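Everything on this sheet refers to the single structure shown next.
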Amino acid sequence: MSKETFYITTPIYYMSGELHIGNTYPTVLTDTMARYKKMRGYDVKFLTGTDDHGQKVERMSAKTGKTPQDFVDGLAELSKNLWKTMNCEYDIFMRTTLPFHAKACQKIFRTLYEKGDIYLGKYEGLYCVECETFFKNAPDGLCSDCGRQLSGVTEECYFFRMSKYADKLIKYIHDNPEFIRPESRRNETLGFLKGGLEDIAVSRTTIKWGIPVDFDPKHVIYVWFDALPNYATALGFYGEDDSDYRKYWPAVHVIGKDILRFHTIIWPTMMMALGEPLPKTVFVTGWLLSNGGKMSKSKGNSIDPIDLAKRYGVDALRYFLMREVVQGQDGNYSEDSLINRINSDLANDLGNLLSRTVGMIEKYFEGKLPAVPKKMTSFDDALISTVEASEAKASQAYDRMAFSEALSEIWVSVRRANKYVDETEPWLLHRSKETEALARVLYMLCETLRHTAILISPVMPGTSAEIFRQLGIWDDKLKTWESLKFGKLPCEVKIEKGETLFPRIDVKAIKETEAEEQAVPSKPQITIDDFGKLDLRVGIVKECVKASEKLLKSQVDIGSEMRQILSGIAQWYAPEDMVGRRVVVVTNLKPIKLRGFLSEGMLLAAGEGTDDDPVKLVAVDGEPAAGTFVR
Ligand code: MSP
């Protein structure tokens with residue numbers, strides 16, 4: 001009998017910068033669901049990938065001097081590496097620059113054009129480069145999503161007749177309660193739809209980095225109109241062999257709340273226009289916040305997940321993400337809360353339960369439990385009913401992708417098992433030579449741990465495997481969801497002691513080491529006369545070009561004259577960002593030649609010039625005239 005299919009996707013990530021722990025959250029969530037569904041017997045496909053096109057990529061690649069393709073290829077490799085580190089086992093790594101995707105998008109575009117659902121018109125309005133979003137009006141000229149300045153655009157564009165599908169979409173949302181989850185996001189979408197829909201511009205003539213419209217190649221397909229179909233083209237939709245599409249579609253899309261409208265309005269109306277089934281579910285997650293704001297590279301509050309995984313372990317990080325953020329709501333990241341979770345839930349509760357169980361089997365039975373009688377004590381009954389109840393609740397929560405709730409339920413039985421040890425006092429049973437009762441207690445603990453290892457496996461696959469290993473459970477049949485029944489574990493457990501699962505983290509020691517690492521040796525003191533030897537002035541950059549991979553060559557007005565200054569900042573500043581900028585110039589530094597160009601001064605900047613500590617030019621408050629002394 002063929003298995004039921006389950007197709008789940010993450011958003012495809014913009015390749016305009018490296019991914020951070022905020023983007024890692026939807027991928028770990030999707031991986032957890034994919035693993036869970038596999039365990040429940042589904043034929044699962046899990047897609048993640050990269051959104052390679054768009055104006056932002058075009059600009060960012062220009063800053064680095066790379067071609068857009070080289071630029072996105074490099075970042076795509078970094079993303080793959082991140083998912084490998086995070087133990088995210090996707091089946092498909094989709095990229096919008098794959099030739100078959102471009103062909104399929106062109107075909108989709110043409111089909112809609114021939115049907116009359118795409119037509120040529122003129123676009124006048126505002127555009128946010130950051131969010132790749134068009135706005136008809138914005139009273140303050142700012143993007144309503146990211147708050148950045150919008151740019152005015154007037155151009156010939158192809159439009160998608162989205163207005164035509166508003167009523168049909170409203171009906172669909174009403175008829176399919178599972179289509180948008182959670183409920184609040186469903187209501188939000190219905191709110192957008194209340195006033196009907198406008199047609200949207202789906203091509204651009206001002207950018208090059210994208211998929212050209214094949215019948216009118218000066219137009220490039222709007223980045224979202226190219227990105228959204230990836231979920232289907234990856235399965236062969238509008239391609240040469242669409243059997244996977246027929247088999248696995250419709251999908252469950254996991255997305256962040258910032259891209260709600262694209263997934264609950266644009267994408268479904270596109271599929272309606274093509275006469276195809278809509279996605280099964282759009283599951284909307286909240287954001288991971290850091291210091292109260294959405295984490296993002298541009299805000300400088302992003303956290304590198306690889307670094308965290310190296311320091312604290314992949315499973316600890318996966319656990320934290322799935323436990324700390326209640327699905328659908330925003331959650332807060334802080335290193336302290338991560339450490340708290342590790343120390344309390346992982347080290348104190350789970351790690352402790354495993355190590356004391358394995359330790360006692362080793363100490364009291366030389367590593368091998370004898371066969372135990374079936375007779376139960378009231379403590380046993382209480383433990384079994386807690387484990388069974390929390391298991392039922394956890395499975396239900398898993399089905400709803402409510403992983404935080406599932407983990408919290410699982411921990412009810414982990415904590416109950418630790419309490420069971422205190423209640424049954426195995427050390428006293430040992431002392432009074434009640435061998436059978438002692439073996440029974442330890443068997444109960446092994447069974448609880450086996451259940452726990454199964455239940456946590458979608459979130460913490462490595463830890464689950466290690467628990468099975470230490471308990472000497474090799475038979476795969478004892479690791480399945482179907483085997484979640486107390487008493488399935490054969491009595492004669494033979495343990496294999498191993499490392500502590502989660503060593504406690506000594507916060508004090510970390511803080512001390514960090515303080516030591518950060519302490520920068522100071523330079524010797526100087527007098528005010530020494531300082532007075534420097535001639536520091538405000539300069540205004542008038543022109544700027546790249547002189548080499550690393551160097552910018554600026555013409556700087558220092559009031560009395562124009563100076564040519566070379567600075568090793570090309571990695572961090574684009575020439576166009578320099579022009580008009582006020583800088584602080586050391587004007588009496590002896591001129592030198594760099595790469596054949598004379599440099600007559602130096603711009604002051606902070607930072608080591610490493611990835612962790614990028615260069616930041618020293619800025620001047622207000623608008624002092626060029627040549628103003630800096631003291
Ligand atoms: N390329 C589009 C998606 C196209 S899907 C057809 C995009 N890319 S993105 O890289 O900017 O964001 C991808 C996902 O990461 C979004 O769902 C976004 O919500 C999520 N996150 C980015 N920062 C996040 C947090 N700080 N917290 C949680 N999710 C976050 O949008």
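In what follows, residues are counted from 1 in the order of the sequence shown. As the structure lists them, so they are numbered: ligands from 1, and atoms in each ligand from 1. Given the structure is predicted, the values throughout are model-derived calculations rather than measurements.
Proximity of Asp51 to ligand 1, defined as any heavy-atom pair under 4.0 Å, is confined to the side chain (atoms from C-beta onward).
Among the atoms of Ile12, some N or O lies under 3.5 angstrom from an N or O of ligand 1. At least one N or O atom of Gly22 sits closer than 3.5 Å to an N or O atom of ligand 1. Here's the thing with Leu228: none of its N/O atoms is less than 3.5 angstrom from an N/O atom of ligand 1.
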Can I get a per-line list of side-chain donor-acceptor pairs under 3.5 Å for residues 87-94, giving both atom names and the distance, sequence neighbours left out?
| residue | atom | partner | partner atom | Å |
| --- | --- | --- | --- | --- |
| Asn87 | OD1 | Arg35 | NH2 | 3.3 |
| Asp91 | OD2 | Phe46 | N | 2.7 |

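Applying the salt bridge (Lys or Arg N to Asp or Glu O under 4.0 Å) test to residues at least two apart or on different chains, the pairs with a partner in residues 268-288 are Arg246-Glu276.
Considering Leu288, Val254, Asp330 only, the shortest heavy-atom separation from atom 26 (N) of ligand 1 involves Leu288. In this comparison of Trp224, Tyr25, Tyr231, Tyr14, the heavy atom closest to atom 8 (N) of ligand 1 sits on Tyr14.
The contact set between ligand 1 and Gly256, taken as ligand atoms under 4.0 Å from a residue heavy atom, comprises 17 (O), 19 (O). Close contacts between ligand 1 and His20 involve ligand atoms 23 (N) [criterion: under 4.0 Å to a heavy atom]. Interface of Ala227 with ligand 1, defined as ligand atoms under 4.0 Å from a residue heavy atom, comprises 6 (C). Listed by number with element, the atoms of ligand 1 under 4.0 angstrom from any heavy atom of Gly286 are 28 (C).
Using the six-membered ring where Trp is involved, Tyr158 and Phe215 have ring planes that are perpendicular, over 60° apart on the 30 and 60° scheme. Taking the six-membered ring for Trp and thresholds of 30 and 60 degrees, Trp411 and Tyr319 have ring planes inclined between 30 and 60 degrees apart. Aromatic ring orientation, Tyr123 versus Phe159: tilted (interplanar angle from 30° to 60°).
Scanning all heavy atoms of the two residues, the minimum distance from Thr96 to Ile211 falls at O-CD1, 4.2 Å.
Aromatic ring centres of His253 and Phe283: separated by at least 6.0 Å.
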